[in-house]
Amino acid sequence: MATNDLRSLLRVEFGTRVRLDTIDPTETHGFEKGAAGELLEADLARLRDLQERLWAEHRQKVLIVLQGIDAAGKGGTIEHVMGAFNPAGATVTSFKVPTEPEREHDYLWRIHAATPSSGRISVFDRSHYEDVLIVRVHELVPKKVWSKRYEQINAFERTLAEEGTTILKFFLYIDRDEQRERFQARYDDPTKRWKFRLGDLDERTRWDDYIAAFEDALSRCSTSEAPWYLVPSNRKWFRNLAVARIVADTLDDLAPVYPIDPTLPEGLIIT
Ligand code: AMP
Ligand code: MG
């Protein structure tokens, strides 16, 4: 029977070798655009409710990692999905080219500093995965250095998980033609041109190298403690729905509850 459980449909099972040329980035798993708006609203309402409980409970921690090739929709996902969160209990961190002090530490230093504390949700716009993506593609460190990082990343994420952090990682997958259209649209629209840099075109010429690097990260770092979800993202409405639903289902499993203060008396009347 067909399932509409997006977590099981999109999760990369540990040990599977991901081949992105077998994935259709326009796939929508039977969902239709016309109905997607209402479904998304319902999931956003769940996210609002669950995040408030998580924040009030102040015990569990959640880390959401967003990765994707340029223009895959990391920013749009933050706006349209993470926008459901009360900013008091949620943080978005965008990881850029490392600064001087960041470069003088190991690559996980700045990452660890941005992981969530009790009750919080941290959203990463790019992450430590850049250290096996752009760093690998541009050979910013030798292969013998970056090739050890998959294991290091698994160990790091396992540590976070064992210490109480729930981790979800999303790879937003678009194809090369979709990226071309989105770049063109960014360039043509004066309100979007700020997102476009000529350097993006240089990265675009390395498309195949990025695909190979993403395939390795997805294949080697999707663990039970920190699964990757591979989200077909040519259709923005499906991407938003899939991420919202997967995060909401995961928060649901955490079952955060409003705390009860046992020292408060019953029936108190405030005068
Ligand atoms: P954007 O997300 O468009 O603002 O671009 C941020 C840029 O920073 C991207 O080109 C990333 O590849 C780059 N970046 C992020 N993390 C790293 C890293 N660890 N090493 C080198 N470049 C990075
Ligand atoms: Mg960019």
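Atoms within each ligand, like the ligands themselves, are counted from 1 in listed order.
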Quiz item: Is there a donor-acceptor pair closer than 3.5 Å between any side-chain N or O of Lys169 and the backbone N or O of Ser222?
Solution: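 Checked: no pair found.
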Self-check item: Any donor-acceptor N/O pair, Asp125 side chain to Val92 backbone, under 3.5 Å
Solution: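 Not a single qualifying donor-acceptor pair exists.
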Go ahead and list the nitrogen or oxygen contacts between ligand 1 and the protein that come in under 3.5 Å, distances to 0.1 Å, or just say none.
from     : atom 1 : to     : atom 2 : distance (Å)
ligand 1 : 2 (O)  : Arg126 : NE     : 2.6
ligand 1 : 2 (O)  : Arg126 : NH2    : 3.2
ligand 1 : 4 (O)  : Lys96  : NZ     : 2.4
ligand 1 : 8 (O)  : Val97  : N      : 3.2
ligand 1 : 12 (O) : Glu130 : OE1    : 3.1
ligand 1 : 16 (N) : Lys96  : O      : 3.3
ligand 1 : 16 (N) : Arg110 : NH2    : 3.2
ligand 1 : 19 (N) : Arg110 : NH2    : 3.2
ligand 1 : 19 (N) : Asp131 : OD1    : 3.2

Quiz item: Rounded to the nearest 0.5 Å, how far apart are CZ of Arg245 and CG of Asp43?
Solution: 4.5 Å
Practice problem: Determine the sole option in Glu130, His128, Gln152 for which the side chain to side chain donor-acceptor pair (under 3.5 Å) test with Tyr107 is passed. | Solution: Gln152
Exercise. Apply salt bridge (Lys or Arg N to Asp or Glu O under 4.0 Å) to Glu100 and list each qualifying residue two or more places apart in sequence or on a separate chain.
Key: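 Glu100: salt bridge (Lys or Arg N to Asp or Glu O under 4.0 Å) contacts with Arg103.
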Quiz item: Using a distance-only test with no angle check, is there a side-chain donor-acceptor pair under 3.5 angstrom linking Gln67 and Ser127?
Solution: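 Yes, because at least one side-chain N or O of Gln67 sits under 3.5 Å from a partner of the opposite role on Ser127.
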